[in-house]
Student: 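Handing you a structure now.
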Amino acid sequence: MSGIRIEGLTKTYRAGRVRALDGVSLEIGAGEAFGIIGPNGAGKTTLVGCLLGHLRPDTGRIELDGRPPDARSVKRETGYLPERLVLDRWMNGRDFLEYHHALAGLDPATRSNDAAYGLERVGLAAEAGSQPIRRYSRGMLQRLGLAQALLGQPRYLFLDEPISGVDPAGVILFRKLLQEVRAQGTTLIINSHQLDEVERVCDRVAFVQGGKVQSIETPQAGAEVSRIVVVRWSASTPAQVLSPERFESIAREAGARFADAQPPAARFVVADDDGAARLLERLVAAGVRVTEAAPEGGRLERLFTTATSPAPAPPVDANRYAPPGTGVAGSDAR
Amino acid sequence: MNTTLLLSFLRQRLSSPARLVLLILIFVAPLLMLAATHGGLGFQALGTATMFAFVLGAGMIGSDASSGVFQLLFARPVGRFEYLMSRWVAVAAGAALLNAVQTVLGASIMSSNHALESWTAVARFIGEQSLETFALAAVIAGFSSLLPGIGDVVALFVSGIALGILQGASQWAHQGWLGAIIQEIQHTLSPESAGVFAWSDGGWRVAVTLLSSIAIGLAVAAVALARREISYASE
């Protein structure tokens with residue numbers, strides 16, 4: 001198989017007392033952008049460490065295009081941006097890129113040009129390249145780190161919290177660079193807490209918790225999820241309007257679907273922007289005093305929130321649709 | 001061995017102002033003393049190779065390990081043994097070169113004061129000092145692969161003191177066998193090369209001790225580096 005294959009990966013720490021990875025199996029296709037998300041201590045960084053050959057799994061196997069992760073041929077084709085970026089602070093930016101260019105075994109004839117292009121590519125000016133790294137800001141360090149990871153057009157690119165500490169302009173630039181890298185056929189593995197970025201860039205995302213892959217999401221396929229609209233209403237809205245039956249009826253008329261409600265808000269599934277506009281018109285016309293309407297957070301955010309909640313959310317109490325003292329009750333919103 | 005690693009390590013060492021000041025002091029002070037005594041101190045003043053090795057080699061592996069530089073370094077096609085050899089040769093060759101230049105300058109001072117025995121003696125002295133730096137650099141590498149930061153130098157000093165105390169105790173208790181063992185350990189941890197070229201006069205023993213220091217130091221470092229997992233996870 002071409003790409004990355006992980007089979008039954010288990011990794012423990014402290015003589016087996018801490019199980020960081022527990023039988024993880026994954027297949028990542030060549031040229032795929034694959035995200036890894038999960039709470040702190042879930043095993044994400046351990047998984048990346050094993051993929052890089054930095055950590056030895058207790059059991060299981062990893063192959064990158066049929067080769068072990070610590071093979072020199074794999075490392076020649078690997079770019080890596082760690083989360084805790086420790087650079088050789090005594091060098092300047094340009095020296096640093098040239099140093100990694102040499103370590104990567106890239107052509108010495110292109111070293112100087114590649115280093116200059118690397119700096120330019122991540123938006124670091126030529127003057128920044130001649131500054132000692134110890135004077136770099138956090139965002140500049142991150143940019144330089146990405147420049148070294150991109151040296152030589154790697155076949156596998158591992159990014160650990162790539163936009164941590166990067167300013168908004170940098171985030172946009174990183175996004176653009178990752179699109180470029182993807183277009184070149186690089187297999188991209190991103191470990192990040194920035195769910196919206198992961199969702200934007202990745203083809204598939206593994207949700208890791210307790211050392212196991214709990215689920216694999218396909219963000220781009222989540223069309224319905226991305227079109228959920230959360231509508232909030234004012235307390236002065238007449239109680240009789242706020243019943244699930246009424247919401248269902250209004251949604252049907254607008255060509256939408258009522259999902260559920262948690263007063264003073266309800267969630268509706270709409271087909272597109274026009275559908276959302278139609279729904280809002282109908283709600284207002286029906287007497288719902290809408291104070292806010294916004295698309296719900298992405299699929300990954302919902303997944304993350306649901307999976308990491310200590311206990312499932314309580315079911316909606318139908319009686320809560322009615323303001324206190326009105327005696328108006330509704331049916332089960334779900 | 002990787003010349004990129006070797007040269008970048010030496011550049012890094014020389015970019016530290018404190019280290020640079022120490023190296024200059026160790027280089028210049030003996031020459032001034034020789035000049036002041038009209039070369040009377042002889043080669044005694046020039047036995048600085050181990051000091052150069054200590055200054056260049058302190059934290060040669062441990063500081064990289066504790067700073068987190070390994071993460072990026074070993075994501076590159078760099079073998080751990082290749083890294084170790086580059087570090088060892090950089091420290092040993094750097095210290096030997098500094099000592100050789102210093103010795104030639106010192107010998108010139110002695111020669112101008114008619115205090116130099118012969119240039120053959122100068123070459124022999126440089127050879128002995130060079131062998132000593134290679135042996136000591138291997139011992140430092142062994143400690144440095146096990147201890148973070150500059151714990152290697154601290155451990156060498158502490159073990160030197162501890163072995164000295166034990167040696168005294170073994171003599172006081174008339175335990176010759178213990179004294180012999182401690183002496184062997186001392187020779188391994190603090191290699192000495194005087195007389196190594198006097199082959200028929202026990203020089204081979206000195207050579208064996210130097211080689212054992214190199215073999216043990218590098219073996220410890222190689223095993224420790226090979227077993228080391230590069231982790232920064234919170235688990």
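Every chain is numbered from 1, with letters handed out A, B, ... down the list of sequences. All values derive from a computational prediction rather than experimental measurement.
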Student: Among A:Glu77, A:Gln148, A:Lys75, which has the most heavy-atom pairs under 4.5 Å with chain B?
Tutor: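 Option with the greatest count: A:Lys75.
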
Student: Chain A contacts: which residues in residues 80-105 of chain B have a non-hydrogen atom closer than 4.5 Å to it?
Tutor: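 Within residues 80-105 of chain B, near chain A: B:Arg80, B:Glu82.
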
Student: Check the surroundings of atom CD in B:Glu192: do more than 12 heavy atoms from other residues, nucleotides or ligands lie under 6.0 Å from it?
Tutor: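 It does not: B:Glu192 CD has 12 such atoms or fewer within range.
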
Student: Under a 4.5 Å heavy-atom cut-off, does chain B meet the side chain of A:Asp70, its backbone, both or neither?
Tutor: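 Neither part, no heavy atoms under 4.5 Å.
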
Student: Chain A heavy atoms under 4.5 Å from B:Ser15: which part of the residue, side chain, backbone, both or neither?
Tutor: side chain

Student: If you tally heavy-atom pairs under 4.5 Å against chain A, which of B:Val78, B:Leu72, B:Val69 wins?
Tutor: B:Leu72

Student: For atom CD1 of B:Ile150, is the number of surrounding heavy atoms from other residues, nucleotides or ligands below 6.0 Å larger than 12?
Tutor: no

Student: Side chain, backbone, both or neither: which part of A:Phe96 has an atom under 4.5 Å from a heavy atom of chain B?
Tutor: side chain

Student: Might you confirm whether atom CZ of A:Arg135 has over 12 heavy atoms from other residues, nucleotides or ligands at distances under 6.0 Å?
Tutor: no

Student: Could you please state which residues from residues 3-14 of chain B sit under 4.5 angstrom from chain A, measuring non-hydrogen atom to non-hydrogen atom, sorted by number, or 'none'?
Tutor: B:Thr4, B:Leu5, B:Ser8, B:Arg11, B:Gln12

Student: Go through A:Ala104, A:Ser73, A:Ala102, A:Gly105 and name the one with the most non-hydrogen pairs under 4.5 angstrom from chain B.
Tutor: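 Between A:Ala104, A:Ser73, A:Ala102, A:Gly105, the count favours A:Ala104.
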
Student: Quick check against the 3.5 Å criterion: does A:His54 have a side-chain atom that pairs as donor or acceptor with the backbone of B:Gln71?
Tutor: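 Flag set: sc A:His54 to bb B:Gln71 pair under 3.5 Å.
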
Student: Which residue out of A:Leu85, A:Leu81, A:Val86 racks up the most heavy-atom pairs below 4.5 Å with chain B?
Tutor: A:Val86

Student: Mark yes or no for whether B:Arg76, through its side chain, and A:Leu103, through its backbone, hold a donor-acceptor pair below 3.5 Å.
Tutor: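 No: the side chain of B:Arg76 does not pair with the backbone of A:Leu103.
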
Student: Any chance CD of A:Gln184 has more than 12 other-residue heavy atoms, nucleotides or ligands included, within less than 6.0 Å?
Tutor: yes

Student: What I'd like to find out is whether the side chain of A:Tyr99 reaches to under 4.5 Å of the side chain of B:Leu73, using heavy atoms alone.
Tutor: yes

